[in-house]
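Being a predicted model, the structure only gives us computed values, none of them experimental.
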Amino acid sequence: MQVDAVILGGGAAGLFCAGEAARRGRRVVVVEHRPEPGEKIRISGGGRCNFTNLSTARERFLSANPRFAISALRRFTPQDFVARVDRAGIVWHEKAAGQLFCDGKATQITRMLIDGLAGAELWCGTSFGAIHKEDQGFAVETSHGVLRAGRVVVATGGKSVPKIGASGAGYRVATQFGIAVTETRPALVPLSFAEQELVWLAPLAGIAVPGRIAAGRTGFDDAVLFTHRGLSGLAVLQVSSYWREGQPVSVDLARGQDALGVLKEARGQGGRAGVAAALAALLPARLAQALAARSGVGGHLAEQSDATLRRLADMVHRLELRPVGTEGYRTAEVTLGGVDTDELDPRTMEARRCPGLHFIGEVVDVTGWLGGYNFQWAWSSAWAAGQVI
């Protein structure tokens, strides 16, 4: 079968790119291995799909070349995608920091993309195998026969959430054609700790506080959640993209409060309370008890020096912990790293050393913060490729 373009992957980027190309009169086939397309859309945002973020600030996208994403993000903006959502009659709302969610189910976004295919064919339940470069383009072997096309777009995503079929297949395509792939690792993922640290962390599972967590110079203010394996919550997921093995993290468990001031005030009011009771004015009781035990400070507040109170306050505001890893791709929202942006034209997402081969979405070394940024990268990069394939 001869077509103009074959798109590998029927997720957010693949479906959107197909619709853009088909509207330009191109004959397009989308090859999707799952029975239904858009699985990552369906499970995103708690089933409501955080489909974009109103900000496209460069610092909110990680890449070996932070400037690479600018071209696509400026040419197809969050407002452009919102206009498509509005035309589809999808009702949405804005949460904190410009995050946009559907009022209804996330599958509305998938339906909008399918309705927008404009004649492009969607082959679900179809796997692809070898890809051969030919004089007039490419031959793509699939479980439903060979597809020949002038262009191939790789929109296979990364390795995150393997239970929905994520495999890193797009990286293998890149490698086959001599295109470099940067180191990949789980991102937007909970942090895990060694057994000796879990002795006191694991019993705190289920406790969440409005905190701040930092890895090196980068920190995030949001929920910090204790789990049986370590730490999660929005702030932790965000910082995981910046954390590296062997590096400690610093956690503020009472963001916006003055732990030293509270402790001194409690001491000045008689100081009959124990350390755990005083810390409970700042923190959930179980967490206060755990920190008091960890501090080794006993007795009443009245017996504690300023130096001791300062040490307790530092534990509340600057608790240093050393993760041993993350929970991995199983629970990661996205994959950090991917197809090297030095290999791609930022205007078209086409591989410089292999004309006609494009890479879009998560498979590329562009990773956004949590909060709709990665979907916006999917739309913008797909739009850029869709104008030329």
Side-chain angles (χ1 to χ4, degrees), residues 1-32 37-41 49 51-53 56 68-90 100 107-124 128 137-138 140 147 149-157 170 173 339 341 344-351 355-364 366 368 372-389:
M1 182 175 176
Q2 183 73 43
V3 295
D4 294 312
V6 174
I7 298 178
L8 305 177
L15 292 174
F16 194 60
C17 184
E20 288 299 303
R23 271 191 287 275
R24 296 175 50 249
R26 301 298 189 263
R27 189 179 183 192
V28 181
V29 172
V30 180
V31 176
E32 168 56 39
E39 181 64 7
K40 211 165 185 181
I41 297 173
C49 189
F51 57 84
T52 192
N53 194 293
T56 54
F68 177 83
I70 293 175
S71 173
L73 290 168
R74 283 182 177 172
R75 292 161 61 216
F76 189 84
T77 68
Q79 290 74 19
D80 292 326
F81 191 76
V82 169
R84 305 281 182 102
V85 172
D86 287 342
R87 285 201 294 272
I90 298 172
L100 304 190
T107 48
Q108 294 176 99
I109 298 294
T110 307
R111 174 47 54 191
M112 179 190 82
L113 297 174
I114 292 172
D115 290 346
L117 285 177
E121 294 186 39
L122 175 58
W123 291 10
C124 288
F128 73 88
F138 302 85
V140 181
L147 287 166
R151 295 181 183 268
V152 171
V153 180
V154 180
T156 50
V173 174
V339 175
T341 55
L344 306 178
D345 184 329
R347 299 164 299 178
T348 64
M349 310 305 295
E350 185 174 16
L357 182 62
H358 302 250
F359 294 84
I360 60 175
E362 187 183 346
V363 74
V364 179
V366 174
Y373 296 98
N374 289 294
F375 271 126
Q376 185 56 45
W377 170 245
W379 315 134
S380 295
S381 59
W383 182 91
Q387 308 313 303
V388 296
I389 64 173

What is the minimum heavy-atom distance between [X] and [Y], and which atoms define it?
{"X": "Val154", "Y": "Gly170", "answer": "CG1-CA, 3.7 Å"}
{"X": "Val30", "Y": "Ala18", "answer": "CG2-CB, 3.4 Å"}
{"X": "Arg24", "Y": "Val388", "answer": "NH1-N, 3.8 Å"}
{"X": "Gly25", "Y": "Asp4", "answer": "O-OD2, 4.3 Å"}
{"X": "Phe375", "Y": "Lys40", "answer": "CZ-O, 4.2 Å"}
{"X": "Phe68", "Y": "Leu344", "answer": "CE1-O, 3.6 Å"}

Worksheet item: Step by step, would you call Leu15 with Leu122 a side-chain contact (heavy atoms from CB on, under 4.5 Å)?
Response: CA-CA 9 Å; Leu15 292 174; Leu122 175 58; 4.1 Å; yes
Practice prompt. Find out whether Arg347 and Arg75 are in side-chain contact, i.e. whether some heavy atom of one side chain is under 4.5 Å from a heavy atom of the other.
Written response: yes
Worksheet item: Atom CD in Gln376, atom OG1 in Thr56: separation rounded to 0.5 Å?
Response: 7.5 Å
Discussion item. Within a 6.0 Å radius of atom CZ on Arg23, are there more than 12 heavy atoms belonging to other residues, nucleotides or ligands?
Written reply: yes
Fill in: CA sep, side-chain torsions, deciding dist, call: Val6, Val3, side-chain contact (heavy atoms from CB on, under 4.5 Å)
CA-CA 7 Å; Val6 174; Val3 295; 3.8 Å; yes
Practice prompt. Would you mind telling me which of Phe16, Phe76, Tyr373 makes a ring-ring contact (aromatic ring centres under 6.0 Å, His included) with Trp379?
Written response: Phe16
